[in-house]
Amino acid sequence: MNDLDKIKCIVGVGLKELRLKSGYKSYEQFAFEHKMSRIQYWKMENGTNFTIKSLLSILNAHDIELETFVTLLFEKADIKTKNSLRLEKIIAHTAMNKKEFAEHLGYKNLNQINHILFGGSLISIPLAHKIKKHFPEITLAWILKGEGKFLEETH
């Protein structure tokens with residue numbers, strides 16, 4: 001992932017967080033109420049495509065200045081979550097890159113993996129079970145909560 005893709009992903013995570021904190025459970029509802037394209041807004045939250053104009057429009061809807069938003073984003077991005085650190089360790093253990101890892105688990109793109117790696121979401125129970133199914137040597141409790149040993153003990 002290049003720097004631009006990383007920035008877009010971080011911005012997307014931040015926009016989703018703003019939306020949820022504002023009480024909008026659905027990106028579609030937010031886009032509709034603020035007269036935005038649902039597809040464009042969805043792409044922005046997923047870090048795939050956006051313009052500065054559309055970003056400023058969304059920040060205006062949330063009544064937050066660009067400088068404040070950027071400062072909060074990059075402060076948060078510097079702090080790795082426990083989930084992101086665990087997922088990094090799992091990916092390193094598999095000796096795959098992120099894309100190969102996501103595809104191996106059956107994902108068509110890196111969105112879910114990137115959202116965890118950049119602190120935007122947690123390792124879900126379904127994802128933990130997929131990891132366990134494909135890499136049975138990793139303990140489920142460790143995947144979900146970091147509890148116990150990373151690898152199953154072999155006798």
Side-chain angles (χ1 to χ4, degrees), residues 1-92 94 96-134 138 140 142-147:
M1 174 177 285
N2 65 36
D3 287 342
L4 181 58
D5 289 337
K6 183 177 179 181
I7 290 168
K8 288 191 295 188
C9 187
I10 292 168
V11 169
V13 168
L15 291 176
K16 182 175 182 179
E17 190 173 295
L18 279 177
R19 174 179 56 80
L20 293 171
K21 284 183 179 178
S22 295
Y24 292 93
K25 293 180 182 178
S26 163
Y27 77 89
E28 292 174 318
Q29 179 188 13
F30 178 86
F32 177 78
E33 287 186 21
H34 295 282
K35 298 176 176 56
M36 307 172 121
S37 160
R38 289 176 293 151
I39 294 169
Q40 175 67 26
Y41 185 76
W42 178 84
K43 287 181 178 181
M44 290 179 71
E45 274 198 8
N46 284 285
T48 57
N49 187 23
F50 61 87
T51 65
I52 296 297
K53 183 179 178 180
S54 56
L55 175 62
L56 291 174
S57 176
I58 291 169
L59 296 179
N60 186 47
H62 287 292
D63 197 28
I64 186 171
E65 297 288 327
L66 177 63
E67 183 178 1
T68 304
F69 179 69
V70 170
T71 301
L72 292 171
L73 281 182
F74 287 96
E75 284 175 358
K76 184 177 180 179
D78 286 340
I79 301 169
K80 295 270 186 174
T81 66
K82 292 178 182 178
N83 280 267
S84 66
L85 292 171
R86 285 199 313 277
L87 188 56
E88 283 178 359
K89 184 172 181 172
I90 292 166
I91 293 170
T94 68
M96 297 179 186
N97 65 38
K98 289 187 305 184
K99 186 175 189 301
E100 293 167 335
F101 179 77
E103 289 172 352
H104 189 76
L105 295 180
Y107 294 108
K108 293 180 182 178
N109 58 51
L110 290 171
N111 289 343
Q112 184 167 3
I113 301 302
N114 280 334
H115 279 259
I116 296 165
L117 291 173
F118 295 120
S121 60
L122 303 174
I123 297 174
S124 65
I125 292 173
L127 175 58
H129 283 286
K130 280 186 179 187
I131 293 169
K132 179 68 177 168
K133 178 181 174 186
H134 290 273
I138 304 173
L140 189 59
W142 191 90
I143 297 168
L144 284 167
K145 297 183 180 182
E147 295 175 351

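Hydrogens, waters and symmetry mates are skipped; everything else that's a heavy atom, side chains included, is used. We're numbering straight along the sequence, starting at 1.
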Counting only heavy atoms from other residues, nucleotides and ligands, does the tally under 6.0 Å from [atom1] of [X] exceed 12?
X: I64; atom1: CD1; result: yes
X: E67; atom1: CD; result: no
X: K43; atom1: NZ; result: no
X: E28; atom1: CD; result: yes

Please find the pair of heavy atoms, one from [X] and one from [Y], that lie closest to each other, and give the distance.
X: S54; Y: M44; answer: OG-SD, 3.5 Å
X: L117; Y: E88; answer: CD2-CG, 3.6 Å
X: L144; Y: S124; answer: CD2-O, 4.1 Å
X: V13; Y: H115; answer: CG2-ND1, 3.4 Å

(Q) Taking side-chain hydrogen bond (donor to acceptor under 3.5 Å, both in side chains) as the criterion, tell me which of H34, R19, K16, Q29 meets it with Y24. (A)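 With Y24 as partner, H34, R19, K16, Q29 yield a single side-chain hydrogen bond (donor to acceptor under 3.5 Å, both in side chains), made by H34.
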**Q.** From F32, F30, F50, residue fulfilling ring pair (Phe, Tyr, Trp, His ring centres under 6.0 Å) relative to Y41
**A.**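 Of the listed residues F32, F30, F50, the ring pair (Phe, Tyr, Trp, His ring centres under 6.0 Å) partner of Y41 is F30.
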Any sub-3.5 Å donor-acceptor pair from [X]'s side-chain atoms to [Y]'s backbone N or O?
X: N60; Y: L56; value: no
X: S22; Y: L18; value: yes
X: E100; Y: N97; value: yes
X: K132; Y: I138; value: yes
X: R38; Y: A31; value: no
X: N83; Y: I123; value: yes
X: N109; Y: N111; value: yes

Just verifying a value: how many Å separate [X] [atom1] and [Y] [atom2], rounded to the nearest 0.5 Å?
X: H62; Y: F69; atom1: NE2; atom2: CZ; answer: 8.5 Å
X: Q112; Y: N114; atom1: CD; atom2: CG; answer: 10.5 Å
X: T94; Y: K89; atom1: OG1; atom2: NZ; answer: 13.0 Å
X: E17; Y: L73; atom1: CD; atom2: CG; answer: 8.5 Å
X: I113; Y: K98; atom1: CD1; atom2: NZ; answer: 9.5 Å
X: L20; Y: S26; atom1: CG; atom2: OG; answer: 10.0 Å

Q: Could you please spell out the steps behind the side chain to side chain contact (heavy atoms under 4.5 Å, CB included) verdict for V11 and V70?
A: CA-CA 8 Å; V11 169; V70 170; over 6 Å; no
Can you find a pair of side-chain heavy atoms, one from [X] and one from [Y], that are under 4.5 Å apart?
X: I131; Y: L87; result: yes
X: I143; Y: R86; result: no
X: F101; Y: I90; result: yes
X: L127; Y: L122; result: no

Q) Any side-chain donor paired with an acceptor under 3.5 Å for T68 and T71? A) no
Q) Is the NZ or CZ atom of K99 positioned over Y107's six-membered ring, under 6.0 angstrom from the centre and within 45° of the axis? A) no
